[in-house]
Amino acid sequence: MSKDTISEFLRQVPLFHDLSQQEMDRVLEIANPRFMSKKAIIFHEGSEKEAVYFIRDGLVKTYKTDENGHEQIVAFLKTGDMFPHAGFFNHRPYPATAEAITDTHLVAIPVHTFELLLMHTPSIAVKMMRVMGDKIMELQETIQSLSGQGVRRRVLSFLIRLAEQHGTVSGSRVTIDLPMTHQEIANSVGTTRETINRVLNQLTKENLLIMDRNHIVINDLEAIKEQRDLE
């Protein structure tokens, strides 16, 4: 991946939108392309934080593992997303494990080298902190929207969020190209696979949803939203 290609990509990432060309050139000096094949682990929860990553193309999931070995999915990430979200601003280990869902091209920026860049170019730090503040607010709103909801409402909210972030719209139908298992959906909303099976089967019977291992099709997004609001 050439520097011009990396520059063109990073310009599309909100974190770098406001950088001048001179500031962007400094970032490009330390940015490195990475390729991760499907199912490859990008980093493990608890390991030393070496770099922050940006997805040029592909899909990534991040998840935490409890003491019983059960996964709790934190996020599904797509082209343009950065992870971990607070990576540049603390020295804590990686808060979750990151795994490539598909073959994925990344741009990696080493944390220590980037900190030195911020110390010598504080204008970059100020611009990025503004963007990160907005991202933190977005994550807080997501957490609040899921807390205290019943399982069916959490599933409907999760499907709506997937549709808005990953969906391709065709009329009232939305196709979500994510290879997700029922267990991964259960991990995302904090319930069991058996419960998810019941909820998804009911949504399928109601002709609201079509699902296989590679796609989720919402037949009527507005109907899903109405269902959510009634729960």
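Just so you know, residue 1 is the first one in the sequence shown, and it goes up from there. Source: prediction; values computed, not measured.
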N/O donor to acceptor pairs below 3.5 angstrom from side-chain atoms of residues 29-39, sequence neighbours left out:
unit_1, atom_1, unit_2, atom_2, d
Asn32, ND2, Ile30, O, 3.4
Arg34, NH1, Tyr53, OH, 3.3

Legend entry - Residues in salt bridge (charged side-chain N to carboxylate O under 4.0 Å, His left out) contact with Glu206, at least two apart in sequence or another chain: Arg152
Inset, instruction - Establish whether Val111 and Ile6 are linked, either directly or via other cluster members, by ILVMFWY side-chain heavy-atom contacts under 4.5 Å. - result: yes
Legend entry - Common cluster, Ile196/Tyr63, ILVMFWY with side-chain heavy-atom separation under 4.5 Å: yes
Inset, instruction - Could you list the residues that satisfy ring-ring contact (aromatic ring centres under 6.0 Å, His included) with Phe16, not counting sequence neighbours? - result: Phe54
Inset, instruction - Applying salt bridge (charged side-chain N to carboxylate O under 4.0 Å, His left out), name anything that partners Glu99, two or more places apart in sequence or on another chain. - result: none
Legend entry - Residues in salt bridge (charged side-chain N to carboxylate O under 4.0 Å, His left out) contact with Glu194, at least two apart in sequence or another chain: none
Inset, instruction - Write down the atom of Ile176, the atom of His166, and the distance for their closest heavy-atom approach. - result: CG2-CB, 4.0 Å
Legend entry - Those residues that, when tested against Ser170, pass side chain to side chain contact (heavy atoms under 4.5 Å, CB included) (two or more places apart): none
Legend entry - side chain to side chain contact (heavy atoms under 4.5 Å, CB included) partners of Ile210, counting only residues at least two apart: Arg173, Val217, Asn219
Inset, instruction - Could you pull out all residues at least two apart from His182 that satisfy ring-ring contact (aromatic ring centres under 6.0 Å, His included)? - result: none
Inset, instruction - Not counting sequence neighbours, which residues clear ring-ring contact (aromatic ring centres under 6.0 Å, His included) with Tyr94? List them please. - result: Phe43
Inset, instruction - Compare all side-chain heavy atoms of Leu19 with those of Arg11 and state whether any distance is below 4.5 angstrom. - result: yes
Inset, instruction - Taking the side chain as every heavy atom from C-beta outward, state whether Leu162 and Phe158 have any atom pair closer than 4.5 Å. - result: yes
Inset, instruction - For residues Pro84 and Val52, report the shortest heavy-atom separation together with the two atoms involved. - result: O-CG1, 4.1 Å
Inset, instruction - Quick one: pull up CE in Met211 and CG in Leu203 and give me the separation to the nearest 0.5 Å. - result: 11.0 Å
Inset, instruction - Please name the pair of heavy atoms, one in Val74 and one in Ala96, separated by the smallest distance, quoted to 0.1 Å. - result: CG2-CB, 4.2 Å
Inset, instruction - Can you measure from CG (Leu159) to CD (Gln227) and round to the nearest 0.5 angstrom? - result: 11.5 Å
Inset, instruction - Return the set of residues passing salt bridge (charged side-chain N to carboxylate O under 4.0 Å, His left out) with Lys64 (not counting sequence neighbours), or none when no residue passes. - result: Glu45
Legend entry - Heavy-atom closest pair, residues Leu28 and Ser7: CD1-CB, 3.5 Å
Inset, instruction - Give the minimum heavy-atom separation between Gly46 and Pro93, together with the two atoms involved. - result: O-CB, 3.4 Å
Legend entry - Separation between CG of Asp220 and CG of Leu209, rounded to the nearest 0.5 Å: 12.0 Å
Inset, instruction - Kindly check if the number of other-residue, nucleotide or ligand heavy atoms within 6.0 Å of NE2 (His112) is above 12? - result: no
Inset, instruction - Taking side chain to side chain contact (heavy atoms under 4.5 Å, CB included) as the test, write out the residues that go with Thr121, two or more places apart. - result: Glu23, Arg26, Leu117, Ser123, Ile124
Inset, instruction - Decide yes or no for Ile160 and Lys225: does some side-chain heavy atom of the first lie under 4.5 Å from some side-chain heavy atom of the second? - result: yes
Inset, instruction - Kindly indicate whether the side chain of Leu59, heavy atoms from C-beta on, has any atom under 4.5 Å from the side chain of Pro179. - result: yes
Legend entry - Greater than 12 external heavy atoms within 6.0 Å of Glu8's CD: no
Legend entry - side chain to side chain contact (heavy atoms under 4.5 Å, CB included) partners for Gln183, two or more places apart: Thr181, Ala186, Asn187, Arg193
Legend entry - Atom of Ala163, atom of Ile218 and distance for their closest heavy-atom approach: CB-CD1, 4.0 Å
